K.L.:
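Structure in structure tokens, see below.
Positions are given from 1, in the same order as the sequence printed here. For ligands, and for the atoms within them, numbers begin at 1 and follow the listed sequence. In what follows, every heavy atom counts, from backbone to side chain, and hydrogens, waters and symmetry copies are set aside. Since this is a predicted model, take the numbers as computed values, not measurements.
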Amino acid sequence: MLKAVYPGSFDPLTNGHLDIITRASRCFDHLYVVVFANDEKSPMFTIAERRRMIEETCKDLANVEVDSSSGLLVEYAQGRGAGVIVKGLRAVSDFDFEFKMALMNKKLCPEVETMFMMTSQEHLYLSSSLVKEVSSYGASITDLVPPEIQKMVEERIGGSRKGTQAK
Ligand code: PNS
């Protein structure tokens, strides 16, 4: 059984992430989508909320399992018997950091391979942080995230919306 791990912060899950999950789920027998804790970021959603978002969005993908971890990615993969880490690549700007992470993961655990999947053209510019930023100014995020997640982001931003005119 070919198992893979798709890790990320997913704060929140975007249509770009969903595209990678859907395509990767066709390439592997089992795909773990894993929300990793990252102390350097101050997230909009708790890990439990992010897990629920992904579970709800991916409920029709039978071989996708949502999980979370606060440990090392390669240790998670090994613990699950997954030989592949799937990463989405958007633009050249992603490459440098992703390349370093892939090499570090290889150093830590040579048995686990990182495989990059090119993002679909329509999602090239999309990131969780841009979704939060534009939504915080009141712009529509309809085409950027699944509908249930749009609702959660808009509710979370609620009254703290930016964009009062500078004088
Ligand atoms: O969505 P993100 O924030 O780009 O995802 C980053 C993530 C979760 C893939 C990365 O921070 C990670 O792998 N975290 C797990 C801890 C770890 O293994 N760190 C060493 C990476 S070389």
K.L.:
Please say whether more than 12 non-hydrogen atoms of neighbouring residues, nucleotides or ligands are located less than 6.0 Å from OH in Tyr125.
P.N.:
yes

K.L.:
Out of curiosity, Leu124 CG to Arg90 CZ, how far, rounded to the nearest 0.5 Å?
P.N.:
9.0 Å

K.L.:
Salt bridge check: are Asp11 and Arg50 linked by an N-O gap of less than 4.0 Å?
P.N.:
yes

K.L.:
I'd like to know if the side chain of Asp94 and the backbone of Leu89 have a donor-acceptor N/O pair within less than 3.5 Å.
P.N.:
no

K.L.:
Does Met101 have any side-chain contact (heavy atoms from CB on, under 4.5 Å) partners at least two apart in sequence or in another chain, and if so, which?
P.N.:
Lys87, Phe97, Glu98

K.L.:
List, pair by pair, the atoms of ligand 1 and of the protein that are both N or O and lie under 3.5 Å apart, giving the separation rounded to 0.1 Å.
P.N.:
from     : atom 1 : to    : atom 2 : distance (Å)
ligand 1 : 1 (O)  : Ser9  : N      : 2.9
ligand 1 : 3 (O)  : Ser9  : OG     : 2.5
ligand 1 : 3 (O)  : Lys41 : NZ     : 2.8
ligand 1 : 18 (O) : Leu73 : N      : 2.8

K.L.:
Crowded around Asp143 CG? As in, over 12 foreign heavy atoms under 6.0 Å?
P.N.:
no

